[in-house]
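Okay, structure first, notes after.
Since this is a predicted model, take the numbers as computed values, not measurements.
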Amino acid sequence: MADPSSYRPKTGEIPTTPGVYRFIDPHGRVVYVGKAKNLRSRLNSYFARVNTLHPKTYAMVHAAASVEWTVVGSELEAIQLEYTWIKQHTPRFNIMYRDDKSYPYLAVTMNEKYPRVQVMRGDKKPGVKYFGPFYPAKAIRETVDTMLRVFPVRSCSAGVFKRAKASGRPCLLGYIGKCAAPCVGEISEEDHRKLAEEFCEVMAGRPGPHVKRIENQMKSAVAELRYEDAGRHRDDLEAIRRVFERNAVVLSEDTEADIFAFAEDELEAAAQVFHVRQGRVRGQRGWVVEKVEETDAGAMVEQLLMQVYGSMADTERIPPEVLVPALPDNAEEMTAWLRQLRSDSGEGKAQISLRVPQRGDKAALLGTVQENAAQALSLHKSRRNSDITTRSAALRDLQEALGAAEPLLRIECFDISHTSGTNVVASMVVLEDGLSKKRDYRRFAIKGDAARDDTSAMYDVITRRFARHLKDQAQSGAAVEVAEAAEPAAGESAAEETKDSTVVEREAERFAYPPSLVVVDGGQPQVNVARQALDDLGITDLPVVGLAKRLEEVWLPGDDFPLVLPRSSEALYMLQRIRDEAHRFAIAYHRSKRSKAMTASALDDVPGLGPSRRAAVVAHFGSVANLKKASLEEIIEVPGMGRGTAQKILDHLQAESPAGESVAAGAAEKDPA
């Protein structure tokens, strides 16, 4: 761990203007990004009294080896640059509200001849009516299924619609009454569009006229003794009521708002948001994050809004009101930033109200969101306590068993896969803090002499991975030099930074971060060859172990006897888990390569012959066997084929043929000249 005093900048060197700063570890990876109104005051706070820092902040300043800053013109520029760098570098010590789900919306494609009801994610399209967001997606699918009983609008894809129209038979939904079957003419285009408009009216919160109409139809059916029709109308009314029970009105119908709240303890925080549209709670989302430093509610609100609304795919969903439990210190700048995002999405001069509700229904709903956040944090802690304890114990036990000097924060495991020496591949999987980091997984194709046996393949893949590490480490150092040379002077805008430094940093961070432990799938031969590969590269301080599958023995380089861990050891279980994951990842890649090899064509390696013309050749001759009997002039008859490419095909087939004379002889018979 680095001593913060070793890289502390001189106070006089730090500007007092607004800016964004980055803490960087010894390997060139950004570990924290922050912004400040006064850079000198903020950065000095990290170094003045290190022992009194929050535990996470203490770990961050000791993990870093340098600090850099960029001066910007305003706090709004600082917000934008901080968000850009957080998205680019994903620093491990920043608060990250991780959620891999986008907003699901109910969409009605009124821009089509026969409108379609579907669940959609992503950007909005013109001519499509949207309702939502709904969360989880299961809720919107249940709503659609219920509404189609009453308003049987088309919900099938274009392909299903065309097949049904061509066959003259509707799909299953048409037979069970959940589609009016416009594909076979059971409803006219005008009536189907009217049905879709009624569907939209009900989903927009105006079910009154349609409920009254269905009630009158039910009464008329009872009066005329049509009890089956009356029962169907009764079921339709019940279906509409069920839909609106899920979306109870909580605020006035013209309310469009997102309501955020937090619950926190010393180490973690849970965030919840309710999406209110047309006065109804359409969806709910939640995140649980680790707190990096002592941050107040306003700072957490700022980080959450930046990450939730920062993605351009979601900007057009920013509602006019954003209600939060506390305002950030730069509330005006945040409001301007949100207003700019909403305007960029096509809303014109959009207005955004970022505020804390003090009384009334909105304040009461904020309390409900707060209660949900508290419940989410409690549930998360009860589920994670044992998991965190187990992972920590496994890493500690493994470090002690191997006698490693540093904590095993990052473990990389390598495995070789092949079938009788063919299609040889290798995999690299990664654990960080005991959890899989699939973004860093890599796979390798092994060719040439390296593919002759497992040890040669292991030597090759270890050499390639860590040679790339050394290269990227050198590039990372060059990137720092470029960044220092291009550092803008006080008062300059961040936009004046050179593009080269950003590009070099992005390229250099892929393999520049080394593991704390290398694990190979195998016994003593694989471990020794992995150690030899690292020694040949000059990397002598990186521990290597192997896990032999037969007896689950842990092998160390140069030892004649394995290290036997107890069967109940959490450390052994962690090694087994990463070994099995590497094996799975390698097998998947091997199967992919083997499938491609089995379906390869004799024409695949003809230079200058692309997929389209290759398909045209096969379609023209019917098979490669017929092609081998063809003359040069007959090959030229293939549409789009030139004489040069045709000659290349003949030369390639002649070289590939077991009897080299057969193709040439066949061509000579066809073309005596």
Side-chain angles (χ1 to χ4, degrees), residues 17-22 33-39 69-90 94-97 99 102-103 105 121-126 130 132-133 254-260 271 273-277 283 285 287 295 297-357 488 491-497 499 502:
T17 54
V20 182
Y21 56 92
R22 296 177 291 179
V33 174
K35 68 177 185 305
K37 294 180 181 179
N38 186 320
L39 282 170
W69 58 85
T70 299
V71 175
V72 296
S74 66
E75 289 189 55
L76 181 58
E77 287 184 30
I79 292 173
Q80 295 169 334
L81 183 59
E82 181 191 25
Y83 172 74
T84 300
W85 279 353
I86 289 175
K87 293 291 285 185
Q88 175 183 336
H89 300 292
T90 59
N94 275 92
I95 296 176
M96 300 295 291
Y97 296 92
D99 187 3
S102 59
Y103 294 86
Y105 276 71
R121 299 177 186 267
D123 295 334
K124 289 186 178 180
K125 300 177 181 178
Y130 292 87
D254 60 346
T255 301
E256 303 272 336
D258 283 349
I259 305 176
F260 295 86
V273 57
F274 279 15
H275 304 289
V276 179
R277 302 295 184 269
R285 303 177 81 188
W287 303 263
T295 54
M300 296 184 66
V301 166
E302 177 187 341
Q303 291 292 330
L304 180 59
L305 296 182
M306 286 174 58
Q307 296 185 43
V308 170
Y309 294 134
S311 173
M312 291 305 295
D314 288 333
T315 53
E316 56 188 326
R317 281 119 181 168
I318 301 178
E321 282 188 279
V322 179
L323 307 179
V324 294
L327 290 175
D329 294 337
N330 56 347
E332 294 183 3
E333 288 77 12
M334 285 298 301
T335 303
W337 182 65
L338 293 173
R339 187 180 298 119
Q340 179 180 336
L341 291 178
R342 185 170 164 85
S343 299
D344 291 344
S345 66
E347 298 287 346
K349 293 184 178 180
Q351 295 298 317
I352 295 286
S353 173
L354 176 63
R355 62 188 184 87
V356 180
E492 290 183 351
S493 171
E496 297 173 8
E497 288 188 82
K499 181 180 179 181
T502 303

From CZ (Arg339) to CG (Leu354), nearest 0.5 Å: 10.0 Å
Residue pair Leu304 / Val273, side-chain heavy-atom distance below 4.5 Å: no
Minimum heavy-atom distance Gln303-Ile86, with the two atoms named: OE1-CD1, 3.9 Å
Contact summary for Glu82 and Gly34, nearest pair of heavy atoms: OE2-CA, 3.8 Å
Expected list for residues 321-337: side-chain donor-acceptor pairs under 3.5 angstrom, two or more places apart:
residue: Glu321; atom: OE1; partner: Lys362; partner atom: NZ; Å: 2.8
residue: Glu321; atom: OE2; partner: Arg355; partner atom: NH2; Å: 2.9
residue: Glu321; atom: OE2; partner: Lys362; partner atom: NZ; Å: 2.9
residue: Thr335; atom: OG1; partner: Ala331; partner atom: O; Å: 2.8

Beyond-backbone contact of Leu39 with Tyr21, side-chain heavy atoms, under 4.5 angstrom: yes
Rounded distance (nearest 0.5 Å) linking atom CD1 of Ile259 with atom NE2 of His275: 10.5 Å
